[in-house]
Amino acid sequence: MEATFYFDPSCPWTWRTSRWLVAAASQRNVTVRWRPFSIGILNEGRELPAKYAKPMAAAARALRLVAALAEAGRDEDAGRFYAELGARTHDAGAELTDAAVGEAAEAAGVADAAGALDDAGWDAAVRRSHDTAFGSAGPDVGSPVLALDGAARALHGPIIAEVPPAQEAAALWDAVVPLLRSETFFEVKRGRR
């Protein structure tokens with residue numbers, strides 16, 4: 001089974017969902033493809049608080065690298081890069097910065113592709129990926145978007161408060177797959193606390 005995870009590395013909710021997906025995928029023999037979803041693109045034309053400017057710019061650079069790795073068929077490398085980046089930011093309680101992006105690329109062993117970080121030529125690929133995810137799960141969705149090969153539509157999420165233990169991660173995957181495959185399913189939601 002193959003799943004595609006569209007993500008923005010600046011989102012802490014997305015990070016937790018990605019760690020759930022990695023745990024579930026290892027137990028359910030799922031291959032994960034990592035693809036860009038841009039909160040920056042999602043919010044184009046909106047005025048956002050200044051505190052988001054630097055993390056969104058760093059995320060845009062990181063997504064260029066994800067797009068380059070995806071185009072080269074290097075999904076495992078993209079996943080490893082995101083894991084390194086999330087460990088340096090979300091797990092460490094640190095802001096997403098250009099320095100963290102560069103360090104994560106080096107630690108993930110993708111320095112050979114790191115030229116993509118500053119290559120605006122990859123922005124079109126990021127936008128195409130974002131548009132694919134948004135078109136498949138939207139409207140009114142954000143990061144992450146999860147798609148399953150053979151399913152007519154993707155879904156936003158699942159959004160989780162914390163990464164579940166292994167057994168629960170697998171059970172959650174088993175519950176999400178039928179929702180992804182159902183063409184009549186629309187939404188499940190709980191209020192935030």
Side-chain angles (χ1 to χ4, degrees), residues 1-41 52-133 143-149 154 160 162-166 169-170 173:
M1 185 180 303
E2 292 188 352
T4 304
F5 190 74
Y6 297 90
F7 69 100
D8 186 295
S10 68
C11 177
W13 298 98
T14 299
W15 171 246
R16 288 189 288 272
T17 299
S18 77
R19 299 306 87 193
W20 157 74
L21 180 59
V22 168
S26 69
Q27 296 179 70
R28 293 298 188 254
N29 197 27
V30 176
T31 300
V32 179
R33 293 183 303 245
W34 303 91
R35 299 293 183 267
F37 184 98
S38 172
I39 292 175
I41 292 172
Y52 296 124
K54 285 183 183 178
M56 285 178 65
R61 291 181 71 235
L63 290 174
R64 289 173 176 167
L65 179 54
V66 172
L69 293 169
E71 187 170 297
R74 296 172 62 181
D75 285 306
E76 288 184 16
D77 288 341
R80 197 167 45 256
F81 167 63
Y82 183 36
E84 290 288 346
L85 186 56
R88 284 169 170 67
T89 56
H90 301 297
D91 288 349
E95 184 176 62
L96 178 61
T97 63
D98 287 339
V101 170
E103 291 166 8
E106 184 72 31
V110 296
D112 63 306
L117 294 170
D118 297 312
D119 183 352
W122 287 105
D123 292 346
V126 170
R127 184 172 294 275
R128 281 191 305 274
S129 178
H130 172 89
D131 289 347
T132 296
S143 178
V145 169
L146 179 63
L148 188 64
D149 278 1
I160 56 175
E162 58 187 68
V163 181
W173 172 260

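Values in this document were obtained by computation on a predicted structure and should not be read as measured data.
Of all heavy-atom pairs between V126 and S38, the closest is CG1-CB, 4.3 Å. Taking each heavy atom of D75 and W34 in turn, the nearest pair found is O-CD1, 3.2 Å. Across G109 and D112, no two heavy atoms sit closer than the pair O-OD1, 3.8 Å. Closest non-hydrogen pair, E95 versus P55, comes out as OE2-CG, 3.6 Å. Across all non-hydrogen atoms, the minimal contact from H90 to P9 is NE2-O, 2.8 Å. L85 and A62 make their closest contact through CD2-CB, 3.9 Å (heavy atoms, listed as atom of the first residue, atom of the second, distance).
Counting only distance, with no hydrogens or angles, the side chain of S143 and the backbone of D8 share a donor-acceptor pair below 3.5 Å. When atom types are taken as modelled, the side chain of W20 and the backbone of V163 share no donor-acceptor pair closer than 3.5 angstrom.
For the pair F5 and T14, the minimum side-chain heavy-atom distance is below 4.5 Å. Contact of the W122 side chain with the L117 side chain is not registered, since no non-hydrogen atoms from C-beta on lie closer than 4.5 Å. F7 has its side chain out of reach of T17: every pair of non-hydrogen atoms, C-beta onward, lies at least 4.5 Å apart. Using a 4.5 Å cut-off on side-chain heavy atoms (C-beta onward), D119 and R64 make no contact. No side-chain heavy atom of M1 sits under 4.5 Å from any side-chain heavy atom of R28. A heavy-atom distance below 4.5 Å is not found between the side chains of F37 and L63.
The cationic atom of R16 (NZ for Lys, CZ for Arg) lies less than 6.0 Å from the six-membered ring centre of W13 and within 45° of the ring axis. Cation-pi contact between R19 and Y82: present, with separation from the ring centre below 6.0 Å and deviation from the ring axis of at most 45°.
Ion pair D131/R128 not flagged as a salt bridge, since none of the NZ, NE, NH1 or NH2 atoms sits closer than 4.0 Å to an Asp/Glu carboxylate oxygen. Note on R80 versus E84: no salt bridge recorded, every NZ/NE/NH1/NH2 to OD/OE distance being 4.0 Å or above.
Counting non-hydrogen atoms of neighbouring residues, nucleotides and ligands closer than 6.0 angstrom, the CD atom of E76 reaches no more than 12 such neighbours. With a 6.0 Å radius and a threshold of 12 heavy atoms from other residues, nucleotides or ligands, Q27 has its CD atom above the threshold.
Atom CD of E71 sits about 11.5 Å away from atom OG of S129, to the nearest 0.5 Å. The CD1 atom of I39 lies 11.0 Å from the CD1 atom of I41; values are rounded to the nearest 0.5 Å. Taking CG of L69 as the start and CZ of R74 as the end, the distance is 5.0 Å to the nearest 0.5 Å.
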Could you walk me through whether T97 and E103 pass side-chain contact (heavy atoms from CB on, under 4.5 Å), step by step? CA-CA 10 Å; T97 63; E103 291 166 8; over 6 Å; no

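Taking D98 as the reference, R61 meet the salt bridge (Lys or Arg N to Asp or Glu O under 4.0 Å) condition, with sequence neighbours excluded.
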